[in-house]
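Encoded as structure tokens, the structure appears first; notes follow it.
None of the values given here were measured: they were computed from a predicted structure.
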Amino acid sequence: MQAPSIGGVSVPRGNGQIIRLSRGASLSDFADKIGVNPASLVQVLFHLGEMVTATQSVNDETLQLLGAELNFNVQVVSPEEEDRELLEEFDIEFGEDEGEDSDLVARPPVVTVMGHVDHGKTKLLDAIRNTNVVASEAGGITQHIGAYQVNTVVDGNERAITFIDTPGHEAFTAMRARGAETTDLVILVVAADDGVKPQTTEALNHAQAAGVPIVVAVNKVDKEGADPTRVRAQLTEYGLVAEEFGGQTLFVDVSAINGTGIPTLLEAVVLTADAELDLRANPRQQAQGVAIEAHLDKGRGPVATVLVQRGTLRVGDSIVCGDAYGRVRAMLDENGGQVAEAPPSRPVQVLGLTAVPGAGDNFLVVDDDRIARQIAEKREARERTAQFAQRRPRVTLEDLESALKSGERQELLLIIKGDVSGSVEALEDALLKIDVGEDVVLRVIGRGVGAITQDDVNLAIASDAVIIGFNVRPAGRAGELAQREGVDIRYYSIIYQAIEEIEAALKGMLKPEFEEVQLGTAEVREIFRVPRIGNVAGCLVRSGTITRNSKARLIRDGVVVSDNLSVDSLRRFKDDATEVREGYECGIGIGYSDIKIGDTIETFEMREKPRA
């Protein structure tokens with residue numbers, strides 16, 4: 001290695017050696033890899049226009065910029081690689097070897113229902129499960145993911161099918177895509193009276209990208225104007241050709257409201273899975289799978305809905321899921337019944353975790369609680385470091401100087417709390433995708449599952465952030481603290497409303513809020529009859545100023561007699577006046593004849609209320 005001087009700093013240079021660093025690594029981590037003082041790397045970055053401390057988490061671009069300057073090939077390890085390396089430390093293989101072919105047994109297909117927001121996905125699942133999901137959902141929209149297993153009879157044999165219930169709004173694109181990755185087969189719901197919509201093609205694209213077979217459920221065939229043939233013709237443009245048209249895709253006409261066609265749909269799912277997929281797994285190994293959803297239950301603590309993908313999960317197993325770990329205290333099925341073990345493709349609710357895992361986190365069973373805790377703690381530390389690097393945007397000296405000079409760069413900081421992790425993740429993902437140009441920056445500085453706590457409010461106070469509560473409310477005295485300190489907490493029960501309002505706020509498109517401002521009051525002392533005008537009130541201005549053309553209301557004995565009036569004429573003696581101040585007499589015409597001595601004329605205007 002040579003030791004050239006960069007900006008007066010002597011730093012050894014590499015010869016293209018590969019340096020592997022994790023996401024959010026600091027300059028101290030980089031310095032340890034190449035054997036130099038971290039302070040020298042701080043100075044090098046300073047001369048490159050970056051202000052970074054030695055222990056600060058650094059984003060990927062900055063690490064690679066520094067590596068290129070020092071002639072090192074910096075490779076930022078992906079989250080998947082990091083996790084694989086972490087598990088290798090404990091001699092754990094995830095999702096690869098399932099043993100000998102003789103160990104594999106058939107497992108039920110895992111099905112995701114997709115489609116346009118109002119084409120009846122939830123109604124269809126309702127018909128399949130015979131449980132009323134819609135009644136408990138705000139706006140009739142599925143707000144978070146659940147998983148259910150149903151049974152059907154095909155060729156005299158009872159077959160199980162697992163359904164993953166994905167959200168139905170385009171804001172959940174990320175969750176829908178993840179749902180397609182965990183599934184074996186997709187049911188695409190299209191309304192017979194509405195045809196293919198943009199969300200239909202969006203869902204179709206995700207399913208095709210995941211490379212899974214598709215069964216089309218043509219819903220609402222009982223409605224007036226329904227045309228199932230038109231749906232089949234439209235979908236041929238997207239590569240889905242019905243069997244009756246000589247293609248491979250099964251189309252089933254159903255009515256979720258009447259429950260017709262449901263057995264045929266379930267049979268089509270089983271037949272498609274049997275024909276196109278080899279669904280087998282080893283039930284004898286330690287369980288592995290994915291968390292479909294998770295939330296914090298007030299009485300039971302963290303509750304995770306997991307889908308077992310291989311192996312068998314049993315009560316008492318030591319489990320690690322993302323950065324949460326614990327011993328499986330109990331397992332519940334979709335009906336709330338106790339389950340002793342869960343074979344492959346079985347969704348269950350797991351109790352006993354120490355924290356709420358993220359939706360989409362992988363879970364695995366390990367030998368004991370100690371290993372589970374170590375893996376979870378390392379994952380948590382790694383994720384926290386990566387988030388620090390992500391939250392701290394890359395700022396050059398030039399950017400900082402221009403931003404300070406112009407004063408135009410603004411930030412909207414958000415803290416998101418929700419009832420389940422899937423909703424929080426989807427909301428954050430959708431908000432960060434809002435395109436508002438370069439003048440406004442949106443940053444999520446905190447997220448979590450459960451009630452809004454005093455810690456959340458304190459963070460908002462320290463950072464001037466807005467708290468978004470999705471189906472949650474403040475706990476304890478957090479609400480009082482927020483009100484006392486002026487922290488803005490927005491509550492939502494339908495996610496797209498939150499997205500629309502935040503987008504409108506960022507783009508300055510919120511409808512202006514107006515407040516009434518009183519201008520003046522006048523007491524009626526005399527009443528004059530003026531031809532072609534009507535009654536005019538002779539008044540004494542009691543407070544403020546009476547202004548011509550201002551809005552007015554007539555008050556008698558403290559009760560508003562007439563509203564929506566205006567000061568049409570205003571005179572001082574014989575002269576017209578534009579305004580008359582407190583203590584002076586005047587004549588006021590408000591276009592209203594029922595005026596009596598002793599009435600009060602109150603004038604006001606509506607002013608736009610500045611938003612905080």
Side-chain angles (χ1 to χ4, degrees), residues 136-146 167-172 174-175 291 293-305 324 355-360 387 391 411-434 436 440-507 510-511 513 611-612:
S136 63
E137 289 174 359
I141 294 176
T142 309
Q143 297 293 345
H144 41 74
I145 293 177
H169 192 266
E170 66 261 30
F172 290 171
M175 293 178 70
E293 191 47 271
H295 67 279
L296 189 64
D297 187 276
K298 190 173 182 180
R300 300 181 296 177
V303 179
T305 302
V356 179
Q387 284 183 2
R391 287 180 193 168
E411 268 190 331
L412 175 60
L413 304 180
L414 296 178
I415 298 169
I416 303 176
K417 294 299 288 285
D419 56 342
V420 290
S421 55
S423 298
V424 174
E425 179 184 324
L427 183 54
E428 180 183 2
D429 184 74
L431 291 176
L432 293 177
K433 287 181 179 176
I434 297 174
V436 290
V440 182
V441 177
L442 174 70
R443 283 208 292 145
V444 178
I445 63 170
R447 67 192 63 72
V449 175
I452 298 167
T453 64
Q454 291 193 34
D455 288 340
D456 299 321
V457 177
N458 288 328
L459 177 59
I461 294 169
S463 57
D464 290 329
V466 174
I467 299 177
I468 293 181
F470 182 76
N471 282 337
V472 294
R473 290 296 184 270
R477 297 187 176 180
E480 297 175 17
L481 177 63
Q483 190 171 10
R484 188 168 65 248
E485 298 291 339
V487 173
D488 188 10
I489 303 180
R490 302 293 181 98
Y491 304 105
Y492 301 98
S493 59
I494 299 178
I495 283 189
Y496 62 73
Q497 290 180 349
I499 296 166
E500 288 173 357
E501 186 164 322
I502 296 299
E503 182 173 9
L506 286 172
K507 295 183 177 179
L510 281 176
K511 294 179 180 177
E513 292 181 352
R611 291 186 176 270

Practice item. Report the C-alpha separation of Ser421 and Glu293 in whole Å, then their side-chain angles, then the decisive distance to 0.1 Å, and conclude whether the side-chain contact (heavy atoms from CB on, under 4.5 Å) test is met. Key: CA-CA 7 Å; Ser421 55; Glu293 191 47 271; 3.2 Å; yes

Point to revise | Shortest non-hydrogen contact from Pro357 toward Ala355 | key: CD-O, 3.3 Å

Review point. Between atom OG1 of Thr305 and atom NE2 of His295, what is the distance when rounded to the nearest 0.5 Å?
Key: 7.0 Å

Check your understanding: Does atom CZ of Arg300 have more than 12 heavy-atom neighbours from other groups under 6.0 Å away?
Key -> yes

**Study point:** Shortest non-hydrogen separation from Val444 to Arg447 and the atoms involved
**Key:** O-NH2, 3.6 Å

Review point. Where do Ile499 and Leu427 land on the side-chain contact (heavy atoms from CB on, under 4.5 Å) test, with the steps shown first?
Key: CA-CA 7 Å; Ile499 296 166; Leu427 183 54; 3.7 Å; yes

Study note, to complete from the structure: Smallest heavy-atom separation, Val420 atom then Val449 atom, equals C-CG2, 3.9 Å

Study note, to complete from the structure: dist Thr453:OG1 -> Asn458:CG (nearest 0.5 Å) comes out at 8.5 Å

Point to revise | Shortest non-hydrogen contact between Gly450 and Val472, atoms and distance | key: O-CG1, 3.5 Å

Review point. Can you tell me how far the CD1 atom of Ile434 sits from the CD atom of Glu500, to the nearest 0.5 Å?
Key: 10.0 Å

Revision key, fill the gap. In terms of heavy-atom contacts, Leu296 and Pro302 come closest through CD1-N, 3.7 Å

Practice item. For a side chain to side chain contact (heavy atoms under 4.5 Å, CB included) with Ile452, tell me which candidate from Ile467, Ile468, Ile415 qualifies. Key: Ile467

Point to revise | Nearest atoms (heavy-atom pairs only) where Val424 meets Gly418 | key: CG2-N, 3.4 Å

Practice item. Mark yes when over 12 heavy atoms from residues, nucleotides or ligands other than Glu485 sit less than 6.0 Å from its CD; otherwise mark no. Key: yes

Review point. How many angstroms lie between atom CG of Leu414 and atom CD1 of Ile502, to the nearest 0.5 angstrom?
Key: 5.0 Å

Point to revise | Side-chain (Lys417) to main-chain (Gly448) donor-acceptor, under 3.5 angstrom | key: no

Check your understanding: What distance separates Arg473 CZ from Asp419 CG, expressed to the nearest 0.5 Å?
Key -> 11.0 Å

**Study point:** From Leu442 atom CG to Leu432 atom CG, the distance as rounded to the nearest 0.5 Å
**Key:** 5.5 Å

